[in-house]
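Report on one structure; see the data block that follows.
Residue numbers run from 1 in the order of the sequence given.
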Amino acid sequence: MISAGVDSSDLAKRGESLIRHSTNRYLTTVRIAFRAKQRRFDDFDGLLEESSVKPVQRAIVELSDEQDQPDLLPG
């Protein structure tokens with residue numbers, strides 16, 4: 001179990017799902033890295049409370065949720 005309730009097997013499944021459903025694995029990896037970089041800076045600015053979850057883990061969970069539930073996206 002990874003800290004803050006993110007299960008390592010769930011995280012692996014989410015990452016595999018992102019790669020499996022992507023048309024370009026490289027671009028998916030870049031999206032994860034870019035989102036993680038954004039979250040890391042949010043942590044530095046004190047904007048996020050749950051700093052116990054690593055930025056890459058949070059990025060994978062967020063992108064997986066966006067992929068699985070597109071109706072939650074604004075717009």
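Taking CG from L11 and NZ from K54, the interatomic distance works out to 11.0 Å, rounded to the nearest 0.5 Å. Between atom CG of residue L18 and atom CD1 of residue I32 there is a gap of 5.0 Å, rounded to the nearest 0.5 Å. To the nearest 0.5 Å, atoms CG (N24) and CZ (R31) are separated by 11.0 Å.
Every residue two or more places apart in sequence or in another chain was checked for a side chain to side chain donor-acceptor pair (under 3.5 Å) with T29, and none qualifies. Listed by chain and residue number, nothing satisfies the side chain to side chain donor-acceptor pair (under 3.5 Å) test with T23 (two or more places apart in sequence, or in another chain). With sequence neighbours excluded, no residue forms a salt bridge (Lys or Arg N to Asp or Glu O under 4.0 Å) with E16. The side-chain contact (heavy atoms from CB on, under 4.5 Å) search around K37 returns R40, F41, not counting sequence neighbours.
Of the options D68, D65, D7, a salt bridge (charged side-chain N to carboxylate O under 4.0 Å, His left out) to R14 is made by D65 and by none of the others.
Looking only at side-chain heavy atoms (C-beta outward), K13 and S17 stay at 4.5 Å or farther from each other. In this structure, the side chains of R39 and E62 come closer than 4.5 Å at one or more pairs of heavy atoms.
Across all their heavy atoms, A59 and A36 have their closest contact at CB-N, 3.6 Å.
Residue pairs meeting the salt bridge (charged side-chain N to carboxylate O under 4.0 Å, His left out) criterion with at least one partner in residues 18-30, sequence neighbours excluded, do not occur; the list is empty.
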